[in-house]
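The structure appears right after this line, and notes come after that.
What you see is a predicted model; the values in this text were computed from it and never measured. Quick note on labels: first sequence line is chain A, next is B, and so on, each numbered from 1.
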Protein chains: 2
Amino acid sequence: MTGHVPPPLRPPEARTTLPLAPTGEPPQLRADAARNRTRLLDAASRLLTECGAANLTMESVAAAAGVGKGTVFRRFGDRAGLLLALLDHREEQLQAAFLSGPPPLGPGAPAAERLHAFGPAVLRHERNQHPLILASRTDPLRNYTVPAHHLRLSHITMLLRRADVAGDPELLAHTLLGSIDTALVHHLTEERGIPLERLEEGWHHLVTRLGATR
Amino acid sequence: MTGHVPPPLRPPEARTTLPLAPTGEPPQLRADAARNRTRLLDAASRLLTECGAANLTMESVAAAAGVGKGTVFRRFGDRAGLLLALLDHREEQLQAAFLSGPPPLGPGAPAAERLHAFGPAVLRHERNQHPLILASRTDPLRNYTVPAHHLRLSHITMLLRRADVAGDPELLAHTLLGSIDTALVHHLTEERGIPLERLEEGWHHLVTRLGATR
DNA sequence: GACATAAGTGGACCGCAGTCCGCTTAAGTG
DNA sequence: CACTTAAGCGGACTGCGGTCCACTTATGTC
């Protein structure tokens, strides 16, 4: 979840040494690269609060971090990649909460309960990050390939199965996630003036209707 | 639905003449402007099939239509506006089908039937336009303000009410539309290899589960 | 410590979206 | 038809995302 290294560029490289830990890839950066990475993230996060997402240019981030523009792109691939990396840290907290946190969101509660708790948790988690999240959504398809989304999706799918909800679990999971998608939520709350509470009620109603009774 | 005139720029202009028809705005273009508009749309549509959406630049469209670049922007606002205008014509056919076409999609059938018919109709309508639709989605919020989306939304909302579906009709309508959103459908069919038929089944299941029995 | 090399760096460069503003022209008015 | 004016026009210009490649450097090896 953590290391965004879009251009791994490492050739297929048939492993000669057996992997001690089953790490998919070694995201280990060279010392200077790792230092520049954190510098860039710090600079970006500072500029973000100072100037807003709209005024955050790749060049300004590079300048603020004291590195060249090319370095930013090499590390994060593109602008969306940088913004996604900024979101990543926060996302880990949410993930920890639903993967291993206390019930009803975390394990320990019945699947239906966890399902009910999931929507409000996401809504509240993203509540203050709408601008950044929206700014990271340039390509409408990219969202589906982001690791964070994948994790949420498989989590919901798993809960739907465990709760014995009828229907296609994968499609239902997509639909559920779609109903609390940031863009939609932002539109409903900001443009239409619908309070978050009503969205939470909507989530509960939907989950109930799909057959996950509390 | 038809006239995209993003920069009307007409000042508040307290009407002195009473409007004979209650037209919100006069989208009537000057003769030369109207001619250039169709020229631009023709050129764009030609370039689109020849080079694909990705290679469609505003400058190339302008050149192909024999007008200046500024004219394209004045008429369509931005790139997305041009692409949306291209989609508009096709969209009208779909609208005609669910607003005044034959049942079960059009009026005449019970609301639940129409609801069931709506999903497959949209899926099939958009089937061949994914690239163009996706290319028009730059701003994740814009979709919600597009007239076509608004119309679909209020249509679904109306059907949900008439079918006496329990819950918040507006939120449910958003959720239903989200479940057949182009980006999602494209991802599921192209990336995940899920056939359209399965998506249609998913739609029927969802609508049924929400309480609209056939 | 000398060496090899893969990884990292930075800034010149490119293409395109979008803006600006002085010029042109369609279309009412008398 | 002469005149007025608001709408339209076009292309130079700006700013940013993204690419490229010659140069530098960290790191493992002997």
- Of A:A34 and B:A31, whose nearest nucleotide on DNA chain C comes first from the 5' end?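 The 5'-side residue here is A:A34.
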- Query: If you pin B:G70 and B:N55 to their nearest nucleotides in DNA chain C, which one's is more 5'?
  - Reply: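 Residue closer to the 5' terminus by nearest nucleotide: B:N55.
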- Message: Within this structure, what is the CG-CD1 distance for the pair A:L172 and A:I156, rounded to the nearest 0.5 Å?
- Response: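 If I round to the nearest 0.5 Å, the distance is 10.5 Å.
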Rounded to whole angstrom units, what separation is found between the [atom1] atom of [X] and the [atom2] atom of [N]?
X	N	atom1	atom2	result
A:E59	D:dT19	CD	P	15 Å
A:L83	D:dG17	CG	P	10 Å
B:R35	D:dC9	CZ	C1'	11 Å
B:L29	C:dA27	CG	C1'	14 Å
A:R142	D:dG17	CZ	P	14 Å
A:F76	C:dG8	CZ	P	13 Å
B:K69	C:dG15	NZ	C1'	9 Å
A:F73	C:dC13	CZ	C1'	13 Å

- Message: Is it the case that the side chains of A:T57 and A:S60 hold a donor-acceptor pair, with the cut-off being a distance below 3.5 Å and no angle test?
- Response: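 Indeed, the side chains of A:S60 and A:T57 share at least one donor-acceptor pair under 3.5 Å.
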- Would you check if there is a donor-acceptor pair between the side chains of A:E170 and A:T157 at a distance under 3.5 Å?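 Note: A:T157 and A:E170 side chains miss the donor-acceptor criterion.
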- Reckon B:R30 touches a base, only the sugar-phosphate, or nothing at all at heavy-atom distances under 4.0 Å?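 The answer is base, as B:R30 lies within the cut-off (heavy atoms under 4.0 Å) of a base atom.
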- Message: Can you tell me if B:N36 touches the phosphate of D:dG8, counting only side-chain N or O atoms and a distance under 4.0 Å to OP1 or OP2?
- Response: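 It does not, given that no N or O in the side chain of B:N36 lies less than 4.0 Å from OP1 or OP2 of D:dG8.
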- Message: Can you tell me if A:T71 touches the phosphate of C:dG10, counting only side-chain N or O atoms and a distance under 4.0 Å to OP1 or OP2?
- Response: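 Yes, within the criterion.
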- Evaluate the ring planes of A:H204 and A:H116, with Trp represented by its six-membered ring, and classify them as parallel (under 30°), tilted (30 to 60°) or perpendicular (over 60°).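 Judged by the thresholds at 30° and 60°, the geometry between A:H204 and A:H116 is parallel.
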- Message: Is the ring pair B:H187/A:Y144 parallel, tilted or perpendicular, if the boundaries are 30 and 60 degrees?
- Response: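 Correct class here is parallel.
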- Query: B:R74 has a side chain; which of D:dG8, D:dG18, C:dC16 sits nearest to it?
  - Reply: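 So the nucleotide nearest the side chain must be D:dG8.
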- So which nucleotide from C:dT9, D:dG18, D:dG8 ends up closest to the side chain of B:R75?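 Given the options C:dT9, D:dG18, D:dG8, the side chain of B:R75 is closest to D:dG8.
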